[in-house]
Every structure is written in C-alpha cells, then in structure tokens.
Amino acid sequence: MSISIRAEGLRVVKGGRQVLAVDRLTLGRGEVWGLIGPNGAGKSTLLQALALLEKPAAGAIYFDGQRVDYRQALSWRRQLAVVFQEPLLLDTTVFNNVAMGLRFRGLARAAIKERVEHWLAALQISHLAERPARRLSGGESRRVSLARAFVLEPQVLFLDEPFAALDAPTRGALLEDLQALLRSTGITAVFVTHDFTELPLLADRVAALQGGRVVQTGRPEDILWQPASVELASFVGVTNLLPGEAFPNGSGPVPVRLQGGVTILAGTRLGGRVVACLRPEEILISDGRTGGNSAVNSLRGRVTHITPQGGQYRVEIDCGPSLVALAGATQLRLGALRPGREVLATFPPEAVHLIPAQASLPLATAQVARR
Ligand code: ADP
Ligand code: MG
C-alpha cells in the first residue's frame, strides 16, 4: 500500500513569479519525507505539486515510474490523501466526517462502518463518534483530520504542518501516534514542518528547501549535523556558526583557526575559508578541573548569559569566540553554572562540521545565530 514518487524539472509559477524549481527529487516506496525550510521557501508549493493539487508550469511527476498525465489527474488523486494545517471539518458528526470520503467512493454501508470504526479506534477518538466535529478541541479535530485521511487507505499521505499551533503536550502525543501509524501502514508520506525537532521522530528522509529550491536531501541527522549552508544551519538550530580558516593536514581532524585566533579541530575534511558549525547540545560544560584530553576541543571561558529554553538552559560562554551550549537543570541547581563563572567547554572534533565560506553568508554576518 505505497508507491514511489519522482519529480523532474518541476517549475511552479505563482503570481507571475517562479516560486519552485526542483530538478530532481525521488521519494522511495514507503519512505516518510519531511520538507523543511523557512517561511516562503516553497514547502507547501512542493507538497501541492507532488499531491497533484498544483499543476506545474514545467516538469513531470512520476508515480511508481509512471508519468502523471494531468488530464487523468483525478484517478491518481484518489490514491492520495492530504491533511492541511487547519482541519477542514464539515458541520456534522465526527463519524460522518470520517465516512464522507468513503460514501463518495460508493462503498457499501457495512464496509464504511467497519473502516470508519477501525480508524476512529486507531486515532483514539471512538468515544467522539457522535459528537459535532466543529466543537472539538484542537487536538481532537486534528485526530479527526488524520482519520479522514487514513480511512481512504491512500498510497501516499501528504501533511502540511498538521500540528502547528497546538500546545506542546497535544502536539507531542499526536506526533507519536502519527509516527506509529505511518510505520504500521508502511505508507509513503510527505510532511511539511518548520520545526526541525519533528524530523528525527517522523522522517526517514528530509528535503531542505530555501528560496524555492531543494538545497539538501538526506537523513534527519545529516540535515541537523551537516547542513549544506549557513542559512540552513541556523534554521535547524545550529547556534554556533564560527567563521575561520581550515588547514587540513594528514588524515586526522582538521585544525580551524577561528576569527579572533582560537584554533579548534573539525571533523570535515575541507580547507580554506569556512564556517564551523557546532550544535549547542554537543558542548559539554564542566567546572574546568577535568579536561586536558588533546583528542577533544577544550575551550576555557566565562559564562555570560543563562536563559531558560524548553526545559533546558541556553548558556552563553565567552571563550574567545562566544559559544552557545545547552545545560540541564541539575547542572544549574548544583550552582556549577552562573554568569561570571569560569568553565571549560568541551566538544569532539566530529561535532564540528565545516561549510565552505563561499557557500554561506558573507563572513561579517555569519555570527552566532540567535534563536
Ligand atoms: P512555504 O510553505 O515554505 O512557507 P509556499 O510554498 O507557501 O512556502 O510559498 C512559496 C512562495 O510562493 C512564497 O514566496 C510565497 O509568497 C509565494 N506564493 C504562494 N502562494 C502564492 C500565490 N497564490 N500568489 C503569489 N505568490 C504565492
Ligand atoms: Mg506552507
């Protein structure tokens, strides 16, 4: 119950302007793809083009190797389901909302009942079956939206920021349930998000968009740890973007002389002007008595700011370059971290990814990104 999708030479024009240009993108059978990128990057446009809701000005879409003929788009579209950010629920019961698509398809009453009940149960909303769909909580109405899509047993499921604007616990529960359903159905899926933290949970593969183009594809960890550009790095939460010059010698970690004079070791074999990317969660902060291991980077510095951030703390340390690290509550409670305190920031060379400076913003603007 899943198919592969290929886009070739895709160009979409909106308002007289080309807003999407994707030369080639292949989504394998049963893969779950995340589309990520800043506002206006073209994520929704790409999703709509792949879901055949948007006819491209040029290019072609292939489902299982078969080129889509737009005169017959409707027969393909029956095999696809789309979930949008706003649940578009009809003014009737939850049951009727979920049954609607199957009634259109002319399924027998008993078959409809069985399938609707199955998907209401799968989404844990059986108890809401007779409730008016327009009087549900945000989380409940998202569950109805998902049930409406899954009940069609589509070959591909498309989701455009389905859980945006929900509170964190509701969103977390929905993400987990969706992940389990995608795994158990083995369906091909494409979801749009602007929240990089959703990628490792849901996606097998990610396409990162910027300015209407796919700038990188890969596994979630490739995108989060080895982003292809400074803009993308900053977008996926790489808070440390340090301009410098790399001098690869031999086969080990690459020395990088950062602006300001501090030298660190990086895991990417690249020379010349670079921007060193370091995720905040890779930095270990200690009281400075340990360390001295030459295989890791150890920078001594002073804590300048501590800001709460999503259950953790964002700690800024002036080490020559200013670094942003994440610390847990325990570290703070023990008094080890306070503004003014001297600490040691430690991180392995493998955590330092290099991007060629020419592939990035001008050095002057490529400073520590603030989230
Ligand atoms: P995203 O989903 O990544 O935020 P979209 O795919 O919605 O981005 O939009 C991509 C680009 O297309 C944006 O620059 C947006 O302003 C433009 N765009 C979207 N819809 C229209 C439209 N109906 N008319 C003109 N421009 C549009
Ligand atoms: Mg969008």
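Keep in mind the model is a prediction, meaning the values are calculated, not measured. Order of listing sets the numbers, starting from 1, for every ligand and every atom in it.
Of the protein's non-hydrogen atoms, Arg17 NH2, 4.1 Å is the one closest to atom 16 (O) of ligand 1. For atom 7 (O) of ligand 1, the nearest non-hydrogen atom of the protein is Ser44 CB, 3.8 Å. What sits closest to atom 18 (N) of ligand 1 on the protein, heavy atoms only, is Lys14 CD, 3.9 Å.
Near Asn39, meaning under 4.0 Å from any of its heavy atoms, are these atoms of ligand 1: 4 (O). Near Pro38, with a cut-off below 4.0 Å to any heavy atom, the atoms of ligand 1 are 3 (O). Residue Gly15 has at least one heavy-atom neighbour below 4.0 Å for each of these atoms of ligand 1: 24 (N), 25 (C). Within ligand 1, the atoms closer than 4.0 Å to a non-hydrogen atom of Thr45 are 5 (P), 6 (O), 9 (O), 10 (C), numbered from 1 in the order shown.
Checking only distances, Val19 never comes within under 3.5 Å of ligand 1, N or O to N or O.
With Tyr62 as the aromatic partner, Arg6 meets the cation-pi criteria of under 6.0 angstrom to the ring centre and within 45 degrees of the ring axis.
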(request) Could you walk me through whether Leu52 and Val68 pass side chain to side chain contact (heavy atoms under 4.5 Å, CB included), step by step? (result) CA-CA 9 Å; Leu52 309 182; Val68 170; 3.9 Å; yes
(request) Apply the test side chain to side chain contact (heavy atoms under 4.5 Å, CB included) to residues Val303 and Arg338: give CA-CA distance (whole Å), side-chain angles for both, the deciding distance (0.1 Å), then the verdict. (result) CA-CA 7 Å; Val303 174; Arg338 244 182 274 123; over 6 Å; no
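The Mg ion (ligand 2) has no N, O or S atom of Thr45 closer than 2.8 Å.
Contact analysis puts Gly42 in contact with ligand 1, with a non-hydrogen atom separation below 4.0 angstrom.
Side-chain contact annotation: Thr197 with Asp195, donor-acceptor N/O pair under 3.5 Å present. For the residue pair Thr304/Asp318, the side-chain donor-acceptor check at 3.5 Å is not satisfied. Between the side chains of Trp225 and Glu350, no donor N or O sits under 3.5 Å from an acceptor N or O.
Here the options are Leu53, Val192, Val82, Leu20, the test is side-chain contact (heavy atoms from CB on, under 4.5 Å), and the partner is Gln48; only Leu53 passes.
In summary, the aromatic rings of Trp33 and Phe191 are positioned with their centroids too far apart to meet the 6.0 Å limit.
Taking each of Gly211, Gly212, Gly40 in turn, the one with a heavy atom nearest to atom 1 (P) of ligand 1 proves to be Gly40.
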